[in-house]
Amino acid sequence: MGKNYSIMNIGSFQKDLAIKRRVMAGQELGLTGCEISFNHMPAGKANPFIHKHKLNEEVYIIVSGKGVFMIDGEEFAVQEGSVIRVAPAGERILKAGTEDMVYICIQAQNNSLTQATADDGVISELKASWR
Ligand code: ZN
């Protein structure tokens, strides 16, 4: 029986990710319900194209920096702490401002979540070393 978890380390968002630019987690972690990318966008740079999706919604989490998001022709400022959900049909592009921007993008099939965590969680009898 395989382990019930997988782990990866992408290093420092500010240093290591700045070199790699984009790290995808799906394959390395064996994700089955979503894809997660960790992104470092240099100051003044933008995504190479405007895109939308066929099936997947995306959640963008701005970890650091500031930038401008354009969705369906509407532009708005984003910064550290901004969390933006984009429906599959939303035509989107993200641009970093005057400083580098780090963001996480989580992609999952639209309408695939059929229940919430509170109903899905089951309390375990297992003991941890610190309890
Ligand atoms: Zn996308």
Side-chain angles (χ1 to χ4, degrees):
M1 187 178 112
K3 289 186 175 184
N4 281 320
Y5 68 89
S6 51
I7 187 168
M8 68 185 290
N9 192 329
I10 61 171
S12 158
F13 282 1
Q14 302 303 335
K15 293 176 185 162
D16 302 308
L17 192 58
I19 296 165
K20 297 171 187 165
R21 291 287 183 82
R22 168 172 283 182
V23 175
M24 307 295 287
Q27 189 169 9
E28 189 163 346
L29 290 177
L31 300 179
T32 66
C34 67
E35 174 61 281
I36 305 174
S37 67
F38 300 88
N39 305 272
H40 184 283
M41 185 177 277
K45 298 289 186 186
N47 296 137
F49 43 76
I50 296 171
H51 79 286
K52 59 184 178 179
H53 281 263
K54 296 172 186 167
L55 299 175
N56 296 343
E57 67 181 3
E58 288 183 322
V59 178
Y60 291 80
I61 303 166
I62 311 300
V63 175
S64 66
K66 295 177 180 175
V68 180
F69 221 140
M70 191 281 284
I71 302 172
D72 294 337
E74 185 179 338
E75 296 185 5
F76 54 92
V78 295
Q79 65 281 317
E80 177 180 340
S82 295
V83 180
I84 308 99
R85 183 247 178 199
V86 187
E91 298 182 71
R92 72 210 69 173
I93 190 165
L94 184 59
K95 181 181 185 297
T98 55
E99 56 187 281
D100 293 359
M101 186 164 65
V102 172
Y103 67 96
I104 298 169
C105 183
I106 302 171
Q107 188 178 143
Q109 189 165 331
N110 202 43
N111 293 319
S112 63
L113 187 66
T114 57
Q115 36 68 45
T117 305
D119 295 331
D120 193 51
V122 179
I123 302 294
S124 171
E125 298 298 320
L126 199 63
K127 303 286 185 221
S129 66
W130 61 86
R131 314 190 40 177

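Small disclaimer: the values here were computed from a predicted structure and weren't measured. Computed over heavy atoms, backbone and side chain alike; hydrogens, waters and symmetry mates excluded. When a ligand or atom number is given, it counts from 1 through the structure's own listing order.
- In this structure, Phe69 and Tyr60 have perpendicular ring planes: the angle between them is above 60°, well past the 30° mark.
- The Zn ion (ligand 1) sits nearest to atom OE2 when only the N, O or S atoms of Glu58 are considered.
- A side-chain donor-acceptor contact under 3.5 Å links Asp100 to the backbone of Ala43.
- When the N, O or S atoms of His51 are ranked by distance to the Zn ion (ligand 1), NE2 comes first.
- Among the candidates Asn56, Val59, Ile36, the single residue satisfying the side-chain contact (heavy atoms from CB on, under 4.5 Å) test with Gln107 is Asn56.
- The Zn ion (ligand 1) lies under 2.8 Å from an N, O or S atom belonging to His53.
- When each of Ile71, Ile84, Ile50 is paired with Arg92, the side-chain contact (heavy atoms from CB on, under 4.5 Å) condition holds for Ile71 and for no other.
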